[in-house]
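The structure appears right after this line, and notes come after that.
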Amino acid sequence: MAVSDALLKWYDVHAREMPWRVGPADRAAGVLPDPYRVWLSEVMLQQTTVAAVRDYFHRFTARWPTVLDLAAAPDADVMGEWAGLGYYARARNLLKCARVVAYEHDGRFPDSYEGLLELPGIGPYTAAAVAAIAFDRAETVLDGNVERVMARLHDVHVPLPEAKPMLKDHAERHTPLTRPGDHAQAVMDLGATICTPRSPACGICPVIEHCAARRAGTAAELPKKSPKKPKPTRYGHAYLARLPDGSLVLERRAEKGLLGGMLGWPGSDWSDAPSTEPPFDAEWREIAGEVRHTFTHFHLILRLYGAELPEEAAPEGYEIIGKHAFRPSDLPTVMRKAYALWRDA
DNA sequence: AATTCGTGGCG
DNA sequence: TCGCCAAGAAT
């Protein structure tokens with residue numbers, strides 16, 4: 001039996017339940033999933049686990065059931081709803097993409113890889129995933145799961161990312177013309193549940209007889225990866241101010257760069273020797289303790305300063321957010337940590 | 001082509 | 001505690 005046949009047979013029984021997914025039985029009856037939901041889930045799933053995405057997906061689809069609803073949403077609402085999920089450029093591009101689809105494509109997603117690839121925030125993986133899953137196009141997805149499964153199936157020892165093209169070649173040879181959407185999801189499910197990074201469960205693998213790495217005894221050490229750079233530690237200062245009515249002083253961060261477009265506390269740059277100049281005048285007092293947070297490529301240690309501002313002392317150029325309008329859940333995680341430390345001080 | 005982008009869970 | 005890892009894209 002070919003690899004794709006064995007995979008689909010396994011998937012028919014073991015497909016994981018996901019709120020954006022139409023199971024193999026319904027698909028067999030001709031049901032295709034809503035492209036909007038497939039797209040939304042795939043963007044959320046970029047470098048993010050299924051467990052982390054579930055609640056966000058439910059909140060987004062409850063609040064914005066269609067791409068037209070999302071396109072009409074205010075930027076701040078979408079960024080606030082995305083807060084905590086990370087990689088905030090995804091949220092900015094999500095909204096851009098929704099508006100292009102809504103206003104330039106009549107509210108319908110393109111049904112081809114090439115068409116999807118044109119849209120903001122949709123790269124090679126997501127274009128292939130949406131084309132295959134939502135439109136049953138015979139496209140090949142290449143994500144971390146597929147890379148790992150292919151590296152093992154074909155015993156590829158070339159390290160990533162150099163190995164990517166050859167892993168893609170292998171994956172394409174396995175992509176069937178029928179049920180390509182189920183096939184794509186099957187390979188990813190296999191990678192997520194059986195062909196895992198550490199201690200793969202080869203004993204229950206549906207394609208073990210096709211696996212070259214299993215025969216060679218190298219499955220657990222694949223895929224090889226080139227060494228990555230160590231993370232430096234950076235430092236910074238953040239300033240948390242409150243007005244007499246309980247309002248808080250925040251700022252909307254620049255569109256580009258780290259935490260772009262998100263709300264945050266005013267503060268210094270984050271570097272080896274951050275500026276110690278407060279963003280505006282107040283009776284700042286140091287808050288005991290520090291916030292530690294790790295981003296993709298550096299560790300951050302943040303020192304906090306708090307102030308109670310007098311009446312009529314709201315500084316210019318900031319987002320003054322009322323006591324009851326303020327929700328920590330609108331903030332990225334590092335800013336939530338800062339708020340928690342200040343509040344509990 | 002190499003960097004820059006979050007966050008939470010896991011061993 | 002700490003590095004690794006997750007359904008990557010943009011520049």
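So you know, we letter chains A, B, ... as the sequences are listed, proteins then strands, and number each from 1.
Note on His293(A): a side-chain N or O is less than 4.0 Å away from OP1 or OP2 of dT7(B). Residue Gln46(A) places no side-chain N or O under 4.0 Å from the OP1 or OP2 atom of dG8(C). Close to dA6(C), at under 4.0 Å from its OP1 or OP2, lies a side-chain N or O of Arg148(A). When the side-chain nitrogen and oxygen atoms of Thr126(A) are compared with OP1 and OP2 of dA9(C), one or more of them lie within a distance under 4.0 Å. For dA6(C), neither phosphate oxygen OP1 nor OP2 lies less than 4.0 angstrom from any side-chain nitrogen or oxygen of Thr48(A). The phosphate of dA2(B) (OP1 or OP2) has no side-chain N or O of Lys229(A) nearer than 4.0 angstrom. Listed pair Tyr88(A) / dT7(B) meets the phosphate criterion, a side-chain N or O lying under 4.0 Å from OP1 or OP2.
Comparing Ser41(A) and Leu119(A) by the nucleotide of DNA chain C that holds the closest heavy atom to each, the one mapping nearer the 5' end is Ser41(A).
For Phe298(A) and Phe295(A), the distance between ring centers is under 6.0 angstrom.
One P atom belongs to dG8(B), the other to dA9(C), and the distance between them is 22 Å to the nearest Å.
Between His154(A) and His170(A), the ring-plane angle classifies as parallel under the 30° and 60° cut-offs.
Contacts of Pro124(A) with the nucleic acid, taken as non-hydrogen atoms under 4.0 Å apart, involve only primed sugar atoms and P, OP1 or OP2. Within 4.0 Å (heavy atoms only), Met18(A) reaches at least one base atom of the nucleic acid. Within the 4.0 angstrom heavy-atom criterion, only backbone atoms of the sugar-phosphate kind lie near Leu259(A); the bases stay farther away. Among the heavy atoms of the strands, none lies under 4.0 Å from Arg336(A). Nucleic acid contact class of Arg292(A) (heavy atoms, under 4.0 Å, all strands): none. Nucleic acid contact class of Gly84(A) (heavy atoms, under 4.0 Å, all strands): sugar-phosphate only.
One cannot find a donor-acceptor pair under 3.5 Å joining the base of dG8(C) and the side-chain atoms of Tyr125(A).
Contact record, Met335(A) with Leu263(A): CG-O, 4.0 Å, taken as the closest heavy-atom pair.
Among the nucleotides dG11(B), dC5(C), dG6(B), the one closest to any side-chain atom of Arg198(A) is dG11(B). The side chain of Asp143(A) approaches dG8(C) more closely than any other nucleotide in the set dC5(B), dT7(B), dG8(C). Nearest nucleotide to the Gln47(A) side chain, out of dG8(C), dC5(B), dA9(C): dG8(C). Of the candidates dA10(C), dG6(B), dC5(B), the closest approach to any side-chain atom of Phe295(A) belongs to dG6(B).
For Asp12(A) and Lys9(A), the salt-bridge test fails: no basic side-chain N is under 4.0 Å from an acidic carboxylate O. In this structure, Asp34(A) does not pair ionically with Arg37(A), as no charged nitrogen and carboxylate oxygen lie closer than 4.0 Å.
The nearest whole Å value for the distance from the CD atom in Glu221(A) to the P atom in dC4(C) is 17 Å.
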